[in-house]
Amino acid sequence: MPGVKKKRCCRILDNEVFFRPAGIPFPLLEIVELQLDEFEAIRLCDYEGKSQIETGEIMGISRGTVQRLISSARKKIMDALLNLKGISIKNTYEDKK
């Protein structure tokens, strides 16, 4: 039985952000949802150049959790790019229990 999910320190976006491929009408678009903690982990590691250990310290989670978040985020982003899907980045932290 999994434990309670820790609150992760993530910056909050101003609004929900959508990216979509050009030329596909929005109503016909399949959306991939990127959670805020996935976005923050990939931003810190890939964009800011932080290590997974540093990212874990900043977000208040373990390095292993950072690795799982990054893996999940990269898979979702590649799915969207390869299969012409939109990407939605949620602007709030969702506590899934």
Side-chain angles (χ1 to χ4, degrees):
M1 185 168 155
V4 176
K5 185 174 177 181
K6 279 185 175 181
K7 178 82 171 156
R8 289 133 191 219
C9 296
C10 301
R11 67 177 60 203
I12 303 297
L13 303 174
D14 290 336
N15 293 306
E16 189 170 2
V17 179
F18 288 98
F19 294 92
R20 68 178 183 93
I24 298 177
F26 197 75
L28 301 176
L29 197 58
E30 190 175 339
I31 303 291
V32 173
E33 290 187 359
L34 198 62
Q35 298 299 321
L36 189 60
D37 52 358
E38 294 171 324
F39 176 73
E40 185 71 0
I42 208 163
R43 182 189 71 80
L44 289 169
C45 285
D46 292 350
Y47 184 73
E48 299 276 331
K50 307 276 187 208
S51 71
Q52 290 182 4
I53 294 170
E54 292 171 315
T55 297
E57 290 171 357
I58 292 167
M59 293 180 69
I61 56 177
S62 71
R63 187 212 47 83
T65 300
V66 170
Q67 185 176 12
R68 285 188 293 280
L69 290 171
I70 291 170
S71 176
S72 175
R74 286 177 179 158
K75 185 173 181 174
K76 288 178 180 181
I77 292 168
M78 287 308 301
D79 177 38
L81 293 174
L82 293 172
N83 298 307
L84 298 176
K85 296 178 183 179
I87 300 173
S88 167
I89 303 172
K90 297 292 187 180
N91 66 341
T92 57
Y93 175 78
E94 289 184 13
D95 190 12
K96 295 179 185 176
K97 291 185 180 177

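- The heavy-atom pair separating Ser72 from Glu38 by the smallest distance is OG-OE2, 2.5 Å.
- Annotation for Cys45 and Thr55: closest pair SG-OG1, 3.2 Å, computed over non-hydrogen atoms.
- The shortest distance between side-chain heavy atoms of Ile61 and Leu69 falls below 4.5 Å.
- A pairwise comparison of heavy atoms in Arg63 and Gln52 identifies NH1-OE1, 3.2 Å as the closest pair.
- Once rounded to the nearest 0.5 Å, the distance linking CD1 of Ile89 with CD of Glu33 reads 11.5 Å.
- Here the shortest heavy-atom pairing between Ala80 and Gly86 reads CB-O, 4.3 Å.
- Rounding to the nearest 0.5 Å gives a distance of 12.0 Å between CG of Leu84 and CZ of Arg20.
- Side-chain contact between Glu54 and Leu44 is absent, with no heavy atoms from C-beta onward closer than 4.5 Å.
- A continuous path of ILVMFWY side-chain contacts below 4.5 Å connects Phe19 to Leu82, so both sit in one hydrophobic cluster.
- Between Ile31 and Ser88, the closest heavy-atom pair is CG2-CB, 3.6 Å.
- The number of heavy-atom neighbours closer than 6.0 Å to CD1 of Ile53, taken from other residues, nucleotides and ligands shown, is 12 or below.
- Residues Ala73 and Ile42 come closest through the heavy atom pair CB-CD1, 3.9 Å.
- In the hydrophobic cluster analysis, where Ile, Leu, Val, Met, Phe, Trp and Tyr join through side-chain heavy atoms closer than 4.5 angstrom, Leu81 is grouped together with Leu34.
- Clustering ILVMFWY residues whenever any of their side-chain heavy atoms sit less than 4.5 angstrom apart, transitively, puts Val32 in a cluster other than the one holding Ile24.
- With 3.5 Å as the limit, one finds a donor-acceptor pair spanning the side chains of Thr65 and Arg68.
- With hydrophobic clusters built from ILVMFWY side chains whose heavy atoms lie under 4.5 angstrom apart, Tyr47 does not share a cluster with Ile70.
- The structure places CD of Glu48 at 8.5 Å from CD of Glu40, a figure rounded to the nearest 0.5 Å.
- Both Phe18 and Leu29 belong to a common hydrophobic cluster when Ile, Leu, Val, Met, Phe, Trp and Tyr are linked at side-chain heavy-atom distances under 4.5 angstrom.
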